[in-house]
Amino acid sequence: EHQLASLARELAPESHVISPRGDVSEGGALRFFRRTGEGVYDMADLAVRTAAMAGFMAAHRDRLKPSRVVAFGYSNGANILASVMFGGAGLVDDAILMHPLVPFAPPPNPALHQARVLITAGRHDPICPPRTSEALDQYFRSQGSETSLHWHDGGHELRPSEVEAARRFLGR
């Protein structure tokens, strides 16, 4: 829960930052949902944990009553955020999904037409192949979301150009 909090404060210094902690241990690392292998999700667990994350986000939104909700996540955090967005509307206005992997076809959600989405990805990412980033970009576009896709020439690591892309995205 601490990995991206400083980046959030840097990108949006006037904002209230809430940083959830994953509660699924995988090899000692905390994650937001279970997997059965690399790129293979436990879909039942994802559904349960998506509902819990949506409830967590809604409770904070209702308590703070922000004018806008900007959410972002990297890798597993981006995956749970995307899953929350697939299932509902109104929790997130702007989403920054850094290296998301969505290895399934999300259900249609026309309410996403109000969302702005930035997806960042590496052209040589062994965990999130470019085709999956492109498919996610197309999904959000097909729902009417304002979507941007930022590429770098690396792999699964977070690069400075992604931070700059997020800064530009939030500055619009």
Side-chain angles (χ1 to χ4, degrees), residues 4 7-8 10-20 22 32-33 39 41 43-123 125 127-152 158 161-172:
L4 296 179
L7 179 57
E10 177 187 331
L11 291 172
E14 303 295 320
S15 298
H16 187 91
V17 175
I18 297 169
S19 186
F32 291 106
F33 58 90
Y41 297 170
M43 296 303 286
D45 187 65
L46 177 61
V48 167
R49 303 216 185 247
T50 296
M53 181 63 75
F56 173 85
M57 292 171 68
H60 283 285
R61 184 203 58 212
D62 293 347
R63 179 177 61 84
L64 296 169
K65 302 194 183 339
S67 60
R68 242 180 137 60
V69 174
V70 177
F72 76 97
Y74 169 73
S75 195
N76 187 252
N79 300 340
I80 192 73
L81 174 56
S83 187
V84 166
M85 293 176 74
F86 301 153
L91 284 177
V92 176
D93 299 300
D94 299 324
I96 300 170
L97 305 173
M98 297 173 155
H99 298 264
L101 173 61
V102 177
F104 57 89
N109 183 353
L112 288 171
H113 77 277
Q114 298 174 340
R116 290 184 337 128
V117 181
L118 170 64
I119 298 168
T120 70
R123 292 195 189 279
D125 190 333
I127 296 170
C128 303
R131 65 179 161 64
T132 62
S133 298
E134 291 165 350
L136 186 59
D137 177 65
Q138 282 300 354
Y139 166 80
F140 280 111
R141 287 179 190 279
S142 72
Q143 306 311 303
S145 302
E146 180 185 328
T147 306
S148 301
L149 182 54
H150 172 82
W151 293 102
H152 67 69
L158 186 60
S161 68
E162 293 174 86
V163 174
E164 283 307 311
R167 188 174 276 107
R168 285 190 307 272
F169 175 79
L170 293 175
R172 286 189 279 151

What is the distance from atom [atom1] of [X] to atom [atom2] of [Y], rounded to the nearest 0.5 Å?
X      : Y      : atom1 : atom2 : value
Leu7   : Leu158 : CG    : CG    : 7.0 Å
Glu162 : His99  : CD    : NE2   : 3.5 Å
Leu97  : Ile80  : CG    : CD1   : 12.0 Å
Arg116 : Ile96  : CZ    : CD1   : 8.5 Å
Phe32  : Ser75  : CZ    : OG    : 10.5 Å
Phe72  : Thr120 : CZ    : OG1   : 10.5 Å

message = Which residues pass the side-chain hydrogen bond (donor to acceptor under 3.5 Å, both in side chains) test with Thr147, not counting sequence neighbours?
response = none
ask   = Excluding sequence neighbours, so at least two apart, what forms side-chain hydrogen bond (donor to acceptor under 3.5 Å, both in side chains) with Ser161?
value =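 Applying side-chain hydrogen bond (donor to acceptor under 3.5 Å, both in side chains) to Ser161 gives His150.
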For the student: nearest non-hydrogen atoms of [X] and [Y], plus distance:
X      : Y      : answer
Ser145 : Val117 : CB-CG2, 4.4 Å
Ser67  : Asp93  : O-OD2, 4.3 Å
Val163 : Leu11  : O-CD2, 3.9 Å
Met85  : Leu112 : O-CD2, 3.6 Å
Ala54  : Val84  : N-CG2, 4.0 Å
Pro100 : Cys128 : O-SG, 3.5 Å

Tell me, which pairs form a salt bridge (Lys or Arg N to Asp or Glu O under 4.0 Å) where one or both residues lie in [range], sequence neighbours left out?
range            : value
residues 128-144 : Asp137-Arg141
residues 67-78   : Arg68-Asp94
residues 43-59   : Asp23-Arg49, Arg34-Asp45, Asp45-Arg49

For a 4.5 angstrom cut-off between non-hydrogen side-chain atoms, does [X] reach [Y]?
X     : Y     : value
Leu81 : Met57 : yes
Leu46 : Ser83 : yes
Phe33 : Asn76 : yes
Met53 : Pro20 : yes

inquiry  = Restricting to ring pair (Phe, Tyr, Trp, His ring centres under 6.0 Å), what partner residues turn up for Tyr139, sequence neighbours left out?
reply    =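 Result, ring pair (Phe, Tyr, Trp, His ring centres under 6.0 Å) vs Tyr139: Phe86.
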query = Which of parallel (below 30°), tilted (30 to 60°) and perpendicular (above 60°) describes Tyr41 and Phe104?
reply =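 Correct class here is perpendicular.
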